[in-house]
Amino acid sequence: MRRKSKVVKVGEVEIGGSSLPVVQGMAKTDPLDVENIIDEIKALQKEGAKLVRIAVPNIKAARNISFIREKVNLPLVADVHFNYRLALEAIDRGIDKVRINPGNLSFKEIALIAKKAKENRIPLRVGVNSGSLPKELIKKISNFKGKKEERIRVIAEGMVDTALNCIRMLEDEGFEDIVVSLKSSEIPVTILSNKIIAEKIPYPIHLGITATGPPPEGIIKSAIGIGALLSEGIGDTIRVSLTGTSVEEVRIAYKILKHLNIIDSGPVIITCPTCGRCRGDVEVIAQELLKVVEEIHFPIKIAVMGCEVNGPGEAMEADIGIACTKQGGVLFKKGRLLNKVKKDRILEALVREINQVEKELKENLK
């Protein structure tokens, strides 16, 4: 069961409430390169990002927001650190949301941002990272000598306290248009801190694992951390963070949501891991199928199984499935046996039936 939170609007996008988790992208282009960052934002939107965060490291970048805002039609989030004036400028330039970090801005500075945000109906994300906590907390963590589990709890509780202190200050200022995120490069810290704060606040929670590294390790860490929290109903927006392209980050975010059955988004290909009983070249078939289904956006479940042990069962549960045999394969469609297929015709038969299922799904939507 999903945790219920208040609704926060970023432009026309609703976060929290009964809405499904929103996928956020982050542009990696230098914000001074206006033309290319606009192209990147449009590519992220095409991939399915509902809002895009951009770094605002200096006043020129903040001023460029007005030019970027004119050319894109999805909500933009300003990522601001150290200098509160950048947030004020970003709001003046038409930003839709501001991410602030209480680890490197004073409460006085945050209060000034909140005042202007409230005047312009702009939400704030209170983003706490384990790598940029208040100095006294960093010192406590550095000097900690206890067990690993105890250290994890100290960091997680410190992150929660940092976020709660900032939230209470904002509430005292009459500002409640808040999204909260607690991120660490350590998965257990991220999971624990979000579980704790989810019980203490009514606001939407943004999920992510920070500094995950390049794929495949970065994908694995993101899937474990984000997936673990989503599976417990925690999380209203997500952003996958990789040392890779921003488009790949959005693509992986949707795969996490898809494989948790939170959304229906395109085909799912189920394949066996293969073993000594395998009767077909499952890997080659699967790789070819990935190319075929790349442009399909309807939810189709496809199974490619290498032998008769679990093959028929898995294949029968799919929309389209093949269970390999010595002679070729047995083709199933929506639980019923269609026919037997020769080895050199397996891919052809699968593609033909996939196209037919896609056609049927399109017809049902008319």
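What you see is a predicted model; the values in this text were computed from it and never measured.
In this structure, E249 contributes its side chain and L242 its backbone to a donor-acceptor pair below 3.5 Å. A donor-acceptor pair under 3.5 Å links the side-chain atoms of D30 to the main chain of L32, judged by distance alone. In this structure, K118 contributes its side chain and E176 its backbone to no donor-acceptor pair below 3.5 Å. Side chain of T190 to main chain of S184: a donor-acceptor pair is present (N/O by atom type, distance under 3.5 Å, no hydrogens or angles). Of the possible donor and acceptor atoms, none in the side chain of N120 sits under 3.5 Å from a partner among the backbone N and O of I122. R279 places no side-chain N or O within donor-acceptor distance of the main-chain N or O of G328, the cut-off being under 3.5 Å. Remark: the backbone N or O of N355 is not paired with any side-chain donor or acceptor of R352 at under 3.5 angstrom. Not a single donor-acceptor pair under 3.5 Å links the side chain of S222 to the backbone N or O of I219.
Taking each heavy atom of T212 and G218 in turn, the nearest pair found is OG1-CA, 3.5 Å. Scanning all heavy atoms of the two residues, the minimum distance from L182 to A163 falls at CD2-CB, 3.7 Å. Heavy-atom minimum distance, I346 versus C324: CD1-SG, 4.3 Å. Counting all heavy atoms, side chain and backbone alike, R239 lies closest to Q24 at CG-O, 3.5 Å. Residues I191 and G225 come closest through the heavy atom pair CG1-O, 4.2 Å. In terms of heavy-atom proximity, G127 sits nearest to S181 at CA-OG, 3.2 Å.
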Between T237 and H206, is the side-chain hydrogen bond (donor to acceptor under 3.5 Å, both in side chains) condition met? List the steps. CA-CA 5 Å; T237 75; H206 171 82; 2.3 Å; yes
Mind running salt bridge (charged side-chain N to carboxylate O under 4.0 Å, His left out) on E40 and K28 for me, showing each step along the way? CA-CA 8 Å; E40 184 181 10; K28 303 197 176 191; over 6 Å; no
Might you work through the side-chain contact (heavy atoms from CB on, under 4.5 Å) test for V240 and V250, ending with a clear yes or no? CA-CA 7 Å; V240 169; V250 171; over 6 Å; no
Kindly determine whether L350 and V304 satisfy side-chain contact (heavy atoms from CB on, under 4.5 Å), including the steps that lead there. CA-CA 9 Å; L350 282 170; V304 181; 4.3 Å; yes
Would I300 and E358 satisfy side-chain contact (heavy atoms from CB on, under 4.5 Å), going step by step from the backbone distance to the final call? CA-CA 8 Å; I300 302 174; E358 184 187 17; 4.1 Å; yes
Going through the checks in order, is the side-chain contact (heavy atoms from CB on, under 4.5 Å) test met by K97 and R125? CA-CA 7 Å; K97 177 184 173 188; R125 168 150 74 93; 3.7 Å; yes
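Salt bridge present: R2 and D236 bring a charged side-chain N and a carboxylate O closer than 4.0 Å. R251 has a carboxylate O that lies under 4.0 Å from a charged side-chain N of E248, or vice versa, which qualifies the two as a salt bridge. The pair E150-R153 does not meet the salt-bridge criterion, since no charged nitrogen lies less than 4.0 angstrom from a carboxylate oxygen. Salt bridge status for E186 with K221: absent, with no side-chain N to carboxylate O gap under 4.0 Å. Salt-bridge formation is detected for the pair R93/E89: a Lys NZ or Arg NE/NH1/NH2 atom is positioned less than 4.0 Å from an Asp or Glu carboxylate oxygen. Between R63 and D92 there is no salt bridge, since no side-chain nitrogen of the basic residue lies less than 4.0 Å from a carboxylate oxygen of the acidic one.
Interatomic distance, CG of N143 versus CD1 of I138, reported as 12.0 Å (0.5 Å rounding). With rounding to the nearest 0.5 angstrom, the CD1 atom of I110 is 4.5 Å from the CD1 atom of I100. From Y203, atom OH reaches atom CG of L170 across 8.0 Å, with rounding to the nearest 0.5 Å. One finds the OG1 atom of T29 at 11.0 Å from the CD atom of E35 (value rounded to the nearest 0.5 Å). The distance from the CG atom of L290 to the CD1 atom of I269 is 4.0 Å, given to the nearest 0.5 Å. Between the CG atom of D33 and the CG atom of D39 there is a distance of 9.0 Å, given to the nearest 0.5 Å.
Counting only heavy atoms from C-beta outward, the side chains of N194 and V180 never approach each other to under 4.5 Å. A 4.5 Å side-chain heavy-atom check between H259 and V268 finds at least one atom pair inside the cut-off. With contacts defined as side-chain heavy-atom distances shorter than 4.5 Å, the pair I68/I41 qualifies. At least one side-chain heavy atom of N165 sits under 4.5 Å from a side-chain heavy atom of F107. Using a 4.5 Å cut-off on side-chain heavy atoms (C-beta onward), L192 and I152 make contact. When side chains are defined from C-beta on, S130 does not count as touching K183, because their heavy atoms never get closer than 4.5 Å. Taking 4.5 Å as the limit, every side-chain heavy atom of C278 sits out of range of all side-chain heavy atoms of C307. Annotation: side chain of I196 is in contact with side chain of E157 (closest heavy-atom distance under 4.5 Å).
For N104 and S132, the side-chain atoms include no donor-acceptor pair closer than 3.5 Å. Side-chain contact check for E109 and N83: no donor-acceptor pair (N or O, by modelled atom type) lies under 3.5 Å.
The salt bridge (Lys or Arg N to Asp or Glu O under 4.0 Å) test with E119 singles out one residue from K116, K115, R121, and that residue is K115. Here the options are I234, V160, V128, the test is side chain to side chain contact (heavy atoms under 4.5 Å, CB included), and the partner is I197; only V160 passes. Checked options K140, M159, K139; the residue passing with L133 is M159 (criterion: side chain to side chain contact (heavy atoms under 4.5 Å, CB included)).
Annotation for K255: atom NZ does not count as buried by contact number, only 12 or fewer foreign heavy atoms lying within 6.0 Å. For CZ of F67, the number of neighbouring non-hydrogen atoms (other residues, nucleotides, ligands) closer than 6.0 Å is 12 at most. Crowding of E217 atom CD: a count of heavy atoms from other residues, nucleotides or ligands under 6.0 Å not exceeding 12. A 6.0 Å sphere centred on CD of E171 holds more than 12 heavy atoms belonging to other residues, nucleotides or ligands.
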Could you list the donor-acceptor pairs under 3.5 angstrom formed by side chains in residues 331-341, with sequence neighbours left out?
from : atom 1 : to   : atom 2 : distance (Å)
K333 : NZ     : E360 : OE2    : 3.2
K334 : NZ     : D319 : OD1    : 3.1

Under 3.5 Å, sequence neighbours excluded: what are the donor-acceptor pairs made by side chains of residues 48-57?
from : atom 1 : to  : atom 2 : distance (Å)
R53  : NH1    : D79 : OD1    : 2.8

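Under a hydrophobic-cluster definition in which Ile, Leu, Val, Met, Phe, Trp and Tyr are linked whenever side-chain heavy atoms come within less than 4.5 Å, directly or via other members, I15 and I205 are assigned to different clusters. Each of F82 and V80 belongs to its own hydrophobic cluster when Ile, Leu, Val, Met, Phe, Trp and Tyr are linked at side-chain heavy-atom distances under 4.5 angstrom. Grouping the Ile, Leu, Val, Met, Phe, Trp and Tyr side chains by contacts below 4.5 angstrom, directly or via other members, places L124 apart from V8. Note on M169: it clusters hydrophobically with I178, by side-chain heavy-atom contacts below 4.5 Å among ILVMFWY residues. Both V126 and L88 sit in one connected hydrophobic cluster of ILVMFWY residues. Membership requires side-chain heavy atoms under 4.5 Å apart, directly or through other members.
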